[in-house]
Amino acid sequence: MGEITVNLPDGSQKTIAEGATGADLAKSIAQGLFKKAVGLQINGETRDLYTPLTNGDNVKILKAEDADSVELLRHSTAHVMAQAVQKIFPDAKIAIGPTIEDGFYYDFEIPGHTLSTDDLSRIEAEMTAIANSNQTIERYVIPDVDNQLAEFKTQGEKFKAELLQEHRDHTPTLYLMKDKDGKTIWNDLCRGPHLPNTGVIKNFKLLKVSGSYWRGDEKKEHLQRIYATAFWTKDDLNAYLLRLEEAEKRDHRKLSKDLDLFSTHEEVGPGLVFWHPNLATVRNIIEDYWRAEHRKRGYDFVFTPHIASEELYKISGHLDSYGENMYSAMDIDGQPYRAKPMNCPGHIMIYKSKLRSYRDLPVRFAELGTVYRYERSGVLHGMLRVRGFTQDDSHIFCTPEQLESEINGILDLIDALMSTFGYTYKAYLATRPADSKLGTDEEWAFATNALENAMKERKLAYEVDEGGGAFYAPKIDIKLFDAIGREWQGPTVQVDLNLPTRFDVNYIGQDGNRHKVIMVHRAVLGSMERFCGGLIEHYAGVFPLWLAPTQVAIMPIADRHADRCHEIAKQLKAQDIRVHVDERSETLNYRIREAQVQQIPYMLVIGDNEVTSGQVSVRQRRIEGSKVMGLDDLTKQLKSEIESKQS
RNA sequence: GCCCAUGUAGCUUAGCGGUAGAGCACCCCCUUGGUAAGGGGGAGGUCACGAGUUCGAUUCUCGUCAUGGGCUCCA
C-alpha cells in the first residue's frame, strides 16, 4: 500500500496512507481535531469529511464553528428539515433545498395540506429530535441510475426523478441518513457536501413559509417553501435574528406612520403613493440638489406629457416589448392613447424637433419624469415597488467620439450624488445577452468598450455581468450599500442600440451627411419613490439637517415667552431654515420628547433667562444636555451644517 | 397573477355566535412647567366590503378589495 502527501494550510505537509480520507487525516493529526471536524476544503472546494484524498491536495480541515463551514451546516440542516417534514406529512414530496445567503430553504409538494406558520414549531421540534438522534450522513454514488429512477418513481418522488434523469451523466449521488444501527432512514438526491452527522446541528430557526413553483415556473407544479437558517452558535443565530429585527425597525412603511411621511389609499388603488408634507419637503430638497448638480454638468431640463398616442409606442417598440407593463389604451377622439411608461420617446421628440448639427452635441435632456407601469399586484411594496413613480431620467445624444467622455461625466455625477447620501456602491458591466438579436457585433463591442473604458479611466472597480445587459443595450449597473450593509438597486447607464434606429435620430456631421446619433439612458436616483423609501431606511428616519422636514423646533417655557419664540422663528425662516414653534400648553418635557421622537435635529428652549439675555438654549437630537448661545452664532452653525450636507 | 397570513377608532391593539373595550394621538378644563410622557374630562367604531348559514354574525362559511411575507439565488 502506497503513501500520499498532502499540504496543510500552515504550509506543512503530511504523509498518509493512499486512499485515506479527510477524517483519517484529521485523526492522524490529533484526536481532538477529528472530533471537531465537519468537512474539508480540498484545493479551495468544500467537500465531505470522508472524501478520499489524493497526492498533492491542499487540504484544510473545517471545524464546527468555522465560518467556512456554515454552508455545510445549513445544507445538512435543510436535509434534516426535509426529513422532518416528510415524517409529519408522509405524502410530502421533496423538490430542492439549496442554501442561500444567510440561510436555506426547501421546497415541498404536500397534497392536502397547506403549511402555515403554526406548522413551523412542530417541524422544528421534529428537527431537534432528528438532530439529537445523531444520524450519520453518508455520500452514496448511485450505481444504477435506472434502478434508482424506478425507486424514486415508486416513492412518488417525481421531482427527484426529474433531476436524476437530467444529471444521470454527472455521477449522481444520494446522501443517506442513517440511524445509530446503521439503517438508512432517509435519503436525498444531492450533490453535497454535507456534515458527517446531525449531532452538531443545534442552532436553527424556521423563518417563514411561502409559495413557489417547481423550477420557478408558474406553469409548473405549485410548491410550498420553508425558509430557515442555521448557525454554529446560539449567539450567531440570535445576532442574526436581532439583525432582522433591526431591519424591521427601519422599515419605511413603519417609520412613515411615526413620522407622517406617505400613505396609500384603498379608494385610490394600490401602488399609488401620496407624499405627505414632511416627505414632500425631503423630496423637494433632493430635487433642488439634483437640478443644481445637473445644471453644473450641462444638462437641459425638459417636461413631457403623461399620455401619448399609441403611435409613439409603436414606433419605439415599447408596445411590443414592454406592452405587458403598460396600461390599456384610453380612447381620445377615437384614437388610442397610453399612459407614459418611459420618458425616452418624449425626449427623442424634443431632439427631433429640429435638425441637429454635430456642433450642437452632446445634447443632455433631463427630466423628473412621472411614468405609470403595471406591476403585478403581488410585487407591490410600500414606496419601493409602485405603479406610478417619478424617474430622474436623462438621455444624452452624442457622437461616437463623445460617448466615452459622456459616460465618464455620468459616473462623476453618480459618485457625487451617492456619496452625498452616504451610500457606498459597486459597479457591474452588463454585457450583451445571448439571445439579443438586435444591433451588430460591432455596435455592441463599441458601446460595451466605451462603458468599460470610462470605468477604467476613473479607476472605478467593476465586475462583469456576462449577458446581463438589456436586449437593446449594454449597461453599467450600480448596486448601493446602505448604513446597515443592505444592497439596493442603484444607478444605471445604458447605451441604446435600438431607439436611434427606430426613430431615425441623427445629426449632420462635419462631412455634411446625416449620421445616426448615439443615445445614452441613465437614471441616478432611479425613481423618487424608491430612492426616498430607501433613504428613509438608510437613515432610519433620522434625516440629516439639510433634509430634515423640520430643522428647528422652538419651545417657550411659559406662554409669556411665546412672542420671543416667534421673533426667533421669523429670523431663522428669513435664512431659509425650516422651523416650528411648539407653543402648546404641554410640559417642556413632553414637547422635548416629541421633538426627539420626530427626529427634529435642533430644539430651542426659550424662558426668562433667554428672553433677558437675548440668547437661545440649544439642544441637539443626538446630544444629551443643552448649551446657551447667541442666535447669530446658531444661525451660522446651522447654515454651515446645511451647506455641508453632512449626516 | 399565484400561495400563505392579516384586516376592530388616526395609530397600536383586546375581545367574541347575543350589535365592542384599552393605551397613545385628538378636543376641552386645571396646570405655566428649564431639556424624553403632569392631572382630569370628552368625542371618536355600519368591527375592510358584499353575500350566505343562523332567531341573532364583528365572531362561522364563501366571494371581493387592500395590506404583509414569498414566488431570483437551481441535485
Side-chain angles (χ1 to χ4, degrees), chain A residues 75 78-79 94-105 107 110 113-119 142 152 157 159-168 170-175 187-192 207-220 222-227 248 251 253-254 256-258 260 263-271 324 374-382 553 555-562 583-598 603-610 617-621 623-628:
Chain A
H75 202 170
H79 280 205
I94 52 178
I96 57 166
T99 58
I100 54 176
E101 197 181 345
D102 294 330
F104 62 89
Y105 67 78
D107 283 348
I110 310 177
H113 183 83
T114 44
L115 290 172
S116 73
T117 38
D118 298 336
D119 294 318
I142 296 170
F152 278 149
E157 295 286 3
F159 306 111
K160 290 297 171 190
E162 185 177 328
L163 293 168
L164 176 57
Q165 182 59 35
E166 238 168 77
H167 291 273
R168 61 180 302 146
H170 305 122
T171 324
T173 51
L174 294 182
Y175 274 79
N187 74 69
D188 190 1
L189 177 72
C190 181
R191 117 186 109 182
L207 298 170
K208 51 197 171 198
V209 291
S210 85
S212 66
Y213 302 97
W214 174 232
R215 318 220 110 175
D217 185 341
E218 301 181 16
K219 292 179 196 76
K220 297 195 167 144
H222 184 259
L223 305 176
Q224 303 187 56
R225 175 173 298 179
I226 302 176
Y227 283 92
E248 221 168 282
D251 190 310
R253 296 162 302 184
K254 181 188 172 308
S256 169
K257 282 178 181 161
D258 301 341
D260 195 9
S263 57
T264 58
H265 302 269
E266 219 171 300
E267 308 86 303
V268 177
E324 292 209 335
Y374 174 72
E375 297 279 3
R376 301 198 297 174
S377 61
V379 305
L380 300 173
H381 180 91
M555 301 165 211
I557 285 191
D559 292 348
R560 63 183 178 279
H561 311 121
E583 55 189 325
R584 292 176 300 170
S585 73
E586 303 288 351
T587 59
L588 182 63
N589 274 343
Y590 181 92
R591 287 174 289 160
I592 292 277
R593 178 187 144 80
E594 187 158 288
Q596 289 280 9
V597 169
Q598 289 297 309
M603 289 152 263
L604 308 186
V605 173
I606 307 300
D608 289 333
N609 299 340
E610 290 74 20
S617 169
V618 183
R619 177 188 171 110
Q620 284 182 259
R621 65 183 160 193
I623 299 172
E624 285 276 322
S626 59
K627 68 177 174 184
V628 175

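Predicted, not measured: the structure shown is a model, and the values here were computed from it. Residue numbers begin at 1 in each chain, while the letters A, B, ... track the order of the sequences.
Classified by interplanar angle (parallel below 30°, tilted 30° to 60°, perpendicular above 60°), the ring pair A/W214/A/F159 is tilted.
Heavy-atom distances to RNA chain B give each of A/E594 and A/S377 a nearest nucleotide, and the one nearer the 5′ end belongs to A/S377. Of the two residues contacting RNA chain B, namely A/D258 and A/G269, the nearest-nucleotide position lying further toward the 5' end is that of A/D258.
Of the candidates B/C26, B/A75, B/A36, B/A75 carries the atom nearest the A/H167 side chain, counting heavy atoms from C-beta on. Distance from the side chain of A/K257 is smallest for B/C11 among the nucleotides B/U31, B/G1, B/C11.
The shortest non-hydrogen separation linking A/A95 to A/K160 is O-NZ, 2.8 Å. Nearest heavy-atom pair, A/S212 versus A/R225, reported as atom, atom and distance to 0.1 Å: CB-NH2, 3.6 Å. The two residues A/T173 and A/C190 come nearest to each other via the heavy atoms OG1-O, 2.6 Å.
Spacing between atom NE2 of A/H79 and atom C1' of B/A75 amounts to 8 Å, rounded to whole angstrom units.
Listed pair A/R376 / B/C71 fails the phosphate criterion, with no side-chain N or O lying under 4.0 Å from OP1 or OP2. Checking the phosphate oxygens (OP1, OP2) of B/C73, a side-chain nitrogen or oxygen of A/Y105 falls inside 4.0 Å. Residue A/R584 places no side-chain N or O under 4.0 Å from the OP1 or OP2 atom of B/A37. Distances shorter than 4.0 Å separate some side-chain N or O of A/R253 from OP1 or OP2 on B/G69. Between A/K208 and the phosphate of B/G70, there is a side-chain N or O to OP1/OP2 separation shorter than 4.0 Å. At least one side-chain nitrogen or oxygen of A/T587 sits closer than 4.0 Å to the OP1 or OP2 atom of B/G38.
Across all strands shown, B/U46 remains unpaired; no Watson-Crick or G-U wobble contact has both distances below 3.5 Å.
Among the atoms of the strands shown, none is found under 4.0 Å from any heavy atom of A/H265.
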